[in-house]
Amino acid sequence: MTRRRIGWSRRLGFLAAVVLVVGTNAFVLARVAWNRSGEPAARLELTERELTLPWVGEDEEDTGLALHLDFHAPGPWREAGTGMDSWLDREKLGALGFDVSVDPEAPGAERHYRSPLPRRVWLVLEDEGAAWRRWLAGREEEVEEARRAVTRGEKGSEDLEAAERSLAADRVEASRLFAVDAGLDRDALHERHPDPARHAVVPATVRLHRMDVDQGRGEEPEDEPAFLTGSVDRVLVDRIHVPLRHRPEIEWALAERDRRNREKANSFPHRPERIPGDPKAAEAPAPPLYRADLAIGHLGEPWLTEVERLAR
Amino acid sequence: MSPEAEGSPEPESRVAAQRRADRVREFRAELEALEREGVAALDPEARARVDAHHERLLARLAERFEVDVTEGEKGLSRGMRIAAFLGALALAASAVLFFYRIWGLVPTTAQVAILAAAPLLALGATELAARRERSGYFATLAGLVAFAAFVLDVSALGQVFNVTPSDTALLLWSAFGFLLAYAYGLRLLLAAGILAFVGWLSAETAGWSGCYWLHFGERPENFLPAGLLLVAFPSLVAHRRLAEFPPLYRTFGLLALLAPALALANWGEASYLPWAGGTIEAVYQVAGFALSAAAIWLGLRRRWSEAVNTGTVFFVVFLWVKFVDWFWDWMPTYLFFLIVGATAVAALLVLKRLRSAAARPGRNGP
């Protein structure tokens, strides 16, 4: 190849690389603009309970802030009666594209269902709806059962106190967001769950599990037949970036959380320098520090529209 | 005869030019040795013509390609290559860490502007470096920084706007790496492009089976199509100008074939095949040995040293893994390592015999 052709080749490569960079950025921005255009597909009013602060506070090396989407989802280990009935049963898993043709009890089923890989689906998240109320009722029933066990002399009063404290914390601190449905057709899910203020349809992955007698649940695991169930592997966008304009509220919340954690640590009996006051007050459930409005766009991709401090 | 031999082709790449310069140096050294030993000597006129021709040739090659003419220069060049690579890594890390240090403190428009501008500036630096300095060290450095900046551009934009992760990003990074590699003849950029391509094609292969692309690593067989394509590619597309590229394709291709075979030879549960785990492991053990041996054989036939080396390494690793399976639990440790060492010696003897057979008269040696 002559020098002239090598020069042209290099120039062409350079220009193509420039076009690739510019084109990629333009495409991503256009895609984002389309996702956020018009009326959002859903708009949820969430709080710190559902959009949690990062575990680690502010970091000099990474000044970006993101809130983590926290929600309840069915998993293979949930027991019936806790209010978290698994709707990810065999029929649903088949509708999501998993090969569930082999009976889980059949010979060779263990090999057929060996290490199945997750599949991408559309997941319906419900905010403070029927699933939340069922879950809370299940937790209240657990406390009642603990109370009855204390009456029967099967458990101590400290067990009941711990259960009551846990329930009190869940009422105030637990996420009210629940995964309630999944499918491959996003429009069909919107039709089944039409309230955009309560339901959001987001991209997620679901995994299939074959539970057998060795992983049985209940009191008589040997009597339980093998069955298929599913779990939500992850929501594909579960970290929501905090833009600069909303940063002051989140920074304030991080500082408040740190102060709260220091109070809790100081209230421990073994610490020599305890702050005065009722130690149990430091253990009281902490209401959420902020409200965060989350919009979901045409592509199922979320963004924060509003963050507001909540009065203490 | 003219000092410029008619029809002698001008080298088209720095690697080809360096090989020519090395041959000239070795020819001169061998000629001096023959003269000292009284075996043969050129007549003074011929010797003067050859020396003059070589001086002009080396000057032309040094001027056009910045080749190393002496052993000392070659050693320095090796050091410069290492320095360029380490410098590129450090600068790329610095650019990425700088962005993450400031991105939370600037508005979204500034974030987008910085992310888009960084790879473009680095591209400009690459072009400038390639024009000013023909050896390619500074172009490699700037090119790797440009690649890192483009990776940061795409991934950080995704984080800022909460975009759903997609394997298309891998394809874009691969295309960028290939463009820089072929435009400037940069092997490190080719390696980066190949790695991103392997990731993309493996993710796509996983998608064909219905699984979400991010989990492509859970099934090592997803890497096999990419491996086959990379091994075959240099045979399908000639690389006259960039003769140093095909060995990279073959090396990465063999790695993408043999590494999954090694994984599945020990972890059959991760296979797509609907057989018992033990059966799958046996199949991949046999396949691994066969493929390694085939790579060695083909490498010797075609004079592809990278195929011989890669095949040899994996053949030995497959063998040692079998030894651990067979002997580790019951054999005294010293005896185990004695056997491992003995197989290494046996491998050396076999390869030596193969090399001697390849170098027999009437055959072209490597």
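Proteins get letters first, then strands, A, B, ... in listed order; numbering begins at 1 in each.
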Find the distance between [atom1] ([X]) and [atom2] ([Y]) and round it off to the nearest 0.5 Å.
X: D233(A); Y: H215(B); atom1: CG; atom2: NE2; answer: 4.5 Å
X: L214(B); Y: L117(A); atom1: CG; atom2: CG; answer: 12.0 Å
X: C211(B); Y: R207(A); atom1: SG; atom2: CZ; answer: 9.0 Å
X: N25(A); Y: D153(B); atom1: CG; atom2: CG; answer: 4.0 Å

*Give the C-alpha distance, both sets of side-chain angles, the deciding distance and a yes or no for side-chain contact (heavy atoms from CB on, under 4.5 Å) between D62(A) and W103(B).*
CA-CA 8 Å; D62(A) 183 357; W103(B) 74 317; 2.8 Å; yes
Sort [X] into side chain, backbone, both or neither according to what part of it lies under 4.5 angstrom from a heavy atom of chain B.
X: V18(A); value: both
X: S115(A); value: both
X: V237(A); value: side chain
X: R120(A); value: both
X: L29(A); value: side chain

Is any side-chain heavy atom of [X] less than 4.5 Å from a side-chain heavy atom of [Y]?
X: T126(B); Y: F14(A); answer: no
X: R245(A); Y: P107(B); answer: no
X: L236(A); Y: Y212(B); answer: yes
X: L123(B); Y: V21(A); answer: yes
X: L105(B); Y: R247(A); answer: yes
X: V32(A); Y: V163(B); answer: yes

With a 4.5 angstrom heavy-atom cut-off, could you sort out which part of [X] is near chain A: side chain, backbone, both or neither?
X: S271(B); answer: backbone
X: A146(B); answer: neither
X: V154(B); answer: side chain

_Candidate pair E269(B) and R111(A), rule side-chain contact (heavy atoms from CB on, under 4.5 Å), full reasoning_ = CA-CA 9 Å; E269(B) 309 289 329; R111(A) 190 184 307 164; over 6 Å; no
*Pull out the residues in residues 91-101 of chain B that come under 4.5 Å of chain A, heavy atom to heavy atom, sorted by number.*
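Only L97(B), Y100(B), R101(B) of residues 91-101 of chain B have a heavy atom under 4.5 Å from chain A.
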*Does the salt bridge (charged side-chain N to carboxylate O under 4.0 Å, His left out) test come out yes or no for E218(B) and R114(A), once each step is laid out?*
CA-CA 12 Å; E218(B) 293 186 32; R114(A) 176 182 68 200; over 6 Å; no
Is the [atom1] atom of [X] crowded by more than 12 outside heavy atoms at less than 6.0 Å?
X: R239(A); atom1: CZ; answer: no
X: W275(B); atom1: CH2; answer: no
X: R187(B); atom1: CZ; answer: no

Which of [options] touches chain A most, by non-hydrogen pairs under 4.5 Å:
options: G277(B), P119(B), G210(B); result: G210(B)
options: G185(B), A149(B), A130(B), G124(B); result: A130(B)
options: T164(B), L115(B), L120(B), L180(B); result: T164(B)
options: T168(B), V106(B), I102(B); result: V106(B)

*Top of G64(A), G13(A), P116(A) for chain B proximity - count of heavy-atom pairs under 4.5 angstrom*: G64(A)
*Return the option, out of L299(A), T205(A), T24(A), V22(A), with the maximum number of heavy-atom pairs under 4.5 Å with chain B.*
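Most heavy-atom pairs under 4.5 Å with chain B: T24(A).
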*Under the side-chain contact (heavy atoms from CB on, under 4.5 Å) rule, what do L20(A) and F150(B) come out as? Steps first, then yes or no, please.*
CA-CA 10 Å; L20(A) 182 63; F150(B) 188 50; 4.3 Å; yes
_Quick check on the structure: residues of residues 300-307 of chain A within a heavy-atom distance below 4.5 Å of chain B, by number._
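Heavy-atom contacts from residues 300-307 of chain A to chain B are E301(A), P302(A), W303(A).
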_I need the contact set between residues 40-53 of chain A and chain B: heavy-atom distance under 4.5 Å, sorted by residue number._
none
*Quick one: salt bridge (Lys or Arg N to Asp or Glu O under 4.0 Å) pairs with a partner in residues 107-131 of chain B, sequence neighbours left out?*
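Matches after skipping sequence neighbours: R10(A)-E127(B), E127(B)-R131(B).
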